[in-house]
4 protein chains.
Amino acid sequence: MPAKAPAQGRPRLAEVDTRIVDAALIEMKDKGLTNLTLEAVAARAGVGRPTIYRRYSNKEELIRAVLTDKVPKLSLTETSDVVDDLVSMAVTFADQLNKSGLLSVAIAAHAEARHNPVMADVLKTDYLLPRSQSVVGAIERALASKQFVQVEPATVRDLLFGPLIYRLLVVGEEVSPFGLRTLAETALSGIRTPGGK
Amino acid sequence: MPAKAPAQGRPRLAEVDTRIVDAALIEMKDKGLTNLTLEAVAARAGVGRPTIYRRYSNKEELIRAVLTDKVPKLSLTETSDVVDDLVSMAVTFADQLNKSGLLSVAIAAHAEARHNPVMADVLKTDYLLPRSQSVVGAIERALASKQFVQVEPATVRDLLFGPLIYRLLVVGEEVSPFGLRTLAETALSGIRTPGGK
Amino acid sequence: MPAKAPAQGRPRLAEVDTRIVDAALIEMKDKGLTNLTLEAVAARAGVGRPTIYRRYSNKEELIRAVLTDKVPKLSLTETSDVVDDLVSMAVTFADQLNKSGLLSVAIAAHAEARHNPVMADVLKTDYLLPRSQSVVGAIERALASKQFVQVEPATVRDLLFGPLIYRLLVVGEEVSPFGLRTLAETALSGIRTPGGK
Amino acid sequence: MPAKAPAQGRPRLAEVDTRIVDAALIEMKDKGLTNLTLEAVAARAGVGRPTIYRRYSNKEELIRAVLTDKVPKLSLTETSDVVDDLVSMAVTFADQLNKSGLLSVAIAAHAEARHNPVMADVLKTDYLLPRSQSVVGAIERALASKQFVQVEPATVRDLLFGPLIYRLLVVGEEVSPFGLRTLAETALSGIRTPGGK
DNA sequence: ACTTAAGCGAGACGGTACGTCTGGTCTTAAG
DNA sequence: CTTAAGACCAGACGTACCGTCTCGCTTAAGT
């Protein structure tokens with residue numbers, strides 16, 4: 001979300017907002033976070049550099065906006081099988097993240113966050129927090145319905161997302177959604193209660 | 001490994017090699033890959049910038065050298081319990097990687113590799129390949145001894161490392177080796193054969 | 001004269017132009033053309049290095065600007081005595097050139113021009129051409145008024161400036177304007193018509 | 001003249017001396033003093049850079065050597081006409097200097113000397129001093145024989161060399177020895193005694 | 001309808017880092 | 001001790017971006 005415009009004067013063009021974020025996304029996918037230049041973003045968006053800075057006070061803020069706007073939401077379809085809901089959510093998310101080209105951006109942002117408090121805050125506030133709602137809810141529902149043996153919710157989260165992200169990151173592009181689903185199911189199989197459906 | 005020096009003329013000082021790589025490691029941990037400057041590396045190493053370029057033709061090559069030299073080797077202790085060997089190896093590796101500050105460097109390198117064929121090659125050649133030997137060997141031994149149900153070796157790898165890396169990356173610093181071990185064991189529990197010790 | 005700024009965008013600060021050329025002049029006098037560094041010019045002018053390159057694409061262009069802006073014009077006072085006008089002009093010019101510290105710069109530029117077509121063009125276009133107007137005019141007036149025996153204008157020019165420049169160059173700093181005047185008059189005495197006033 | 005070699009050990013190759021100075025001369029003519037690099041001299045001479053530094057402690061010393069070795073001596077042919085001897089000497093010298101390509105080197109050295117005491121000393125000691133012997137002698141003989149009106153010897157020198165050097169420097173390459181002679185004779189004509197031959 | 005505050009593209013500005021080149025010094029192996 | 005080769009530190013080169021700052025112009029909202 002860009003910094004908000006003052007009330008007076010000419011209003012900002014909404015179209016410019018989207019041109020900037022779209023251009024930034026393409027540039028990130030092309031060049032990576034390291035080699036991302038606002039100059040190229042501005043050129044691709046057909047915009048002056050100050051027009052970007054008017055909205056985002058620095059590169060981090062722009063990255064934040066891209067992550068916020070473009071990373072897929074976690075879509076939770078609630079069926080009778082709680083565990084299957086979890087798996088579907090995680091697989092869909094990982095696959096979309098990978099296909100959209102944002103996987104590497106998100107991962108690079110996490111790495112950057114280690115040395116960069118601003119980026120850490122960006123991630124926590126705009127990336128993880130809004131997404132953890134769905135995940136934690138679904139996990140707690142699964143735990144409550146005794147689908148899982150007694151484990152920490154964080155453990156479920158790590159078993160669910162860890163292998164998916166790791167495989168996508170290490171292997172590269174070509175991973176089928178089916179393979180991902182199998183992997184996620186296998187990862188969770190160790191903590192499923194024997195009687196669970 | 002730096003570009004090799006010619007046979008003739010004054011030989012390169014080995015000490016300079018190590019000063020450069022050590023300084024680079026510290027700078028990476030301090031600033032992150034994105035904000036790594038060879039100027040700062042040179043200053044910290046007490047070396048002229050051209051002396052770095054004599055060894056590494058660009059930033060990527062230097063990062064390659066750091067990853068090659070400084071990322072811990074996978075130390076495999078062979079006991080009677082093959083699965084425990086695997087877990088120990090992975091936990092030790094992940095913990096060392098995290099504690100040494102190289103986790104974020106390695107992860108950022110993976111993200112970078114998505115857009116940068118040179119970096120992709122660096123990772124494949126100098127990072128993954130030499131380490132996969134031990135892992136693949138141990139996994140195949142575990143499979144052969146029927147400790148695991150019949151799965152792809154890659155699945156074992158992803159279940160083993162995925163959750164560990166994911167947790168360290170997402171959570172941040174403070175994860176105890178004990179917590180890591182529990183996580184890894186839980187991840188593998190789903191593919192262990194019932195009768196296996 | 002700096003490369004002209006585009007019409008659009010923020011206009012260049014005229015003050016920066018003068019700060020750069022003034023700083024360059026001081027540096028040239030201090031260090032000589034050989035040891036002139038744009039880094040030092042930029043520092044003295046309180047300006048970033050790219051700001052200089054925006055105006056002058058290289059060192060030669062900057063030197064051209066200094067020669068164009070700072071070398072004294074030939075001031076011709078027209079009295080009844082045409083020859084005295086010539087002498088005054090030459091002596092004043094040589095003395096100012098020497099005192100301003102630009103003598104060595106101009107001479108070094110001439111030497112450089114032997115190997116450097118760009119510099120040769122700089123000299124011809126910005127240094128000699130605009131100054132030759134006055135000289136040629138005055139010489140032709142002197143020839144027309146029969147003050148001189150019949151000689152080439154170029155001969156007059158060389159007799160007039162040659163000894164002055166040579167003395168200043170070879171001897172060094174301390175030459176009085178009076179000595180210069182005597183020298184110039186002596187040089188021309190050989191071509192003056194006997195009856196001439 | 002290079003710094004003298006120690007008595008002990010392997011003697012220096014005399015051939016290396018000449019290869020260096022010859023290469024330096026060619027490079028100077030090609031590139032000018034400003035762009036002269038010892039690297040290029042060494043390469044052209046087929047010699048290591050330290051081999052040059054062993055003989056000449058810096059660039060100035062090498063230039064000194066070239067000026068000393070390669071600038072033509074003033075050859076004074078003593079005939080009955082003292083003034084004609086002077087003119088011949090000056091014209092021959094200027095013409096050779098020009099044709100050898102060393103004119104610009106010598107001039108650049110003079111300009112450099114303004115800011116560089118070492119170069120000033122080089123010129124005074126190795127260039128001007130050994131040559132002024134002949135000139136001063138010839139001038140004093142001319143003065144003694146009443147060929148000239150009473151003037152300073154320095155004035156004669158400046159009238160003689162000034163116009164020649166100036167013309168060669170300003171005009172460029174194509175000046176005939178005959179034109180030079182005429183110019184020199186004209187310059188001196190103003191101080192010749194009426195009765196002189 | 002007219003003022004006014006801000007948006008906008010372009011590009012200047014002081015900096016910082018890049019990757020390269022040279023200067024003068026030093027170190028090696030071979031002679 | 002000399003030689004050719006080449007490493008070493010230092011520092012300048014010309015270029016690319018950064019984040020900020022004007023400029024001339026356009027565009028709404030509020031008088």
Side-chain angles (χ1 to χ4, degrees), chain A residues 5-13 16 35-43 45-59, chain B residues 5-13 15-17 35-43 45-59, chain C residues 5-13 15-17 35-43 45-59, chain D residues 5-13 16 35-43 45-59:
Chain A
Q8 281 192 324
R10 174 179 174 180
R12 289 187 191 150
L13 297 181
V16 167
N35 298 339
L36 177 67
T37 75
L38 289 205
E39 211 129 77
V41 173
V47 142
R49 246 174 335 124
T51 298
I52 299 183
Y53 282 105
R54 200 171 291 116
R55 290 165 163 77
Y56 314 102
S57 55
N58 48 51
K59 223 187 255 192
Chain B
Q8 280 192 323
R10 173 179 175 177
R12 291 187 190 150
L13 296 182
E15 192 221 340
V16 167
D17 284 49
N35 299 338
L36 177 67
T37 75
L38 291 203
E39 210 129 80
V41 173
V47 146
R49 235 164 352 116
T51 297
I52 298 182
Y53 284 105
R54 198 171 294 117
R55 291 166 163 74
Y56 314 102
S57 54
N58 49 50
K59 228 186 253 189
Chain C
Q8 281 192 323
R10 174 178 174 179
R12 291 188 190 151
L13 296 181
E15 193 221 340
V16 167
D17 284 49
N35 299 338
L36 178 67
T37 75
L38 291 203
E39 210 129 79
V41 173
V47 145
R49 231 159 2 110
T51 296
I52 298 182
Y53 284 105
R54 198 171 292 119
R55 291 167 163 74
Y56 314 102
S57 54
N58 48 53
K59 228 187 254 190
Chain D
Q8 281 193 328
R10 172 178 172 180
R12 288 187 190 153
L13 297 180
V16 168
N35 299 337
L36 177 67
T37 74
L38 289 204
E39 211 129 75
V41 173
V47 143
R49 242 173 339 124
T51 298
I52 299 182
Y53 282 104
R54 200 169 292 116
R55 291 167 163 75
Y56 314 102
S57 53
N58 47 51
K59 224 189 253 192

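Quick note on labels: first sequence line is chain A, next is B, and so on, each numbered from 1. The structure presented is a predicted model; accordingly, all values stated were derived computationally and were not measured.
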(request) Rounded to the nearest angstrom, tell me the gap between atom CZ in C:Arg10 and atom P in F:dT22. (result) 6 Å
Write down the protein N/O and nucleotide N/O pairs, taken from nucleotides 16-18 of chain E, whose separation is under 3.5 Å; answer none if there are no such pairs.
unit_1	atom_1	unit_2	atom_2	d
E:dA17	N6	C:Arg49	NH2	3.4
E:dC18	OP1	B:Leu38	N	2.6
E:dC18	OP2	B:Leu38	N	3.3
E:dC18	OP2	B:Glu39	N	2.9

(request) Find the distance B:Ile52:CD1 to E:dT20:C1' and express it as a whole number of Å. (result) 14 Å
(message) Rounding to an integer number of Å, can you tell me how far B:Leu13 CG sits from E:dT28 C1'?
(response) 11 Å
(message) Between C1' on F:dA7 and CD on B:Gln8, what's the gap in Å once rounded to a whole number?
(response) 14 Å
(message) Assess whether a salt bridge exists between B:Asp17 and B:Arg55, defined as any Lys/Arg side-chain N lying under 4.0 Å from an Asp/Glu carboxylate O.
(response) yes
(request) Ignoring backbone atoms, test whether B:Thr51 places a side-chain nitrogen or oxygen under 4.0 Å from the OP1 or OP2 oxygen of F:dC9. (result) yes
(request) Sequence neighbours left out, what passes side-chain hydrogen bond (donor to acceptor under 3.5 Å, both in side chains) with B:Arg49? Give chain and number order. (result) B:Glu39
(message) Looking only at the side chain of D:Arg54 (C-beta and beyond, no hydrogens), which of the listed nucleotides F:dT22, F:dT3, E:dC8 gets closest?
(response) F:dT3
(request) Round to the nearest Å and state the distance from B:Asn35 atom CG to F:dC18 atom P. (result) 12 Å
(request) Give, for atom OG1 of A:Thr51 and atom CG of A:Leu38, the distance between the pair rounded to the nearest 0.5 Å. (result) 12.0 Å
(request) Would you kindly give the CG-to-P distance between D:Asn58 and E:dG24, to the nearest whole Å? (result) 6 Å
(request) Starting from P on E:dA6, measure out to CZ on A:Arg55 and report it in whole angstrom. (result) 15 Å
(request) State the CG-OH distance between B:Asn58 and B:Tyr53, to the nearest 0.5 angstrom. (result) 8.0 Å
(message) Quick check: closest heavy atoms across B:Ala42 and B:Gly48, and the distance to 0.1 Å?
(response) CB-C, 4.3 Å
(request) Please list, chain by chain and in numerical order, all residues satisfying side chain to side chain contact (heavy atoms under 4.5 Å, CB included) with C:Ala43, sequence neighbours excluded. (result) none
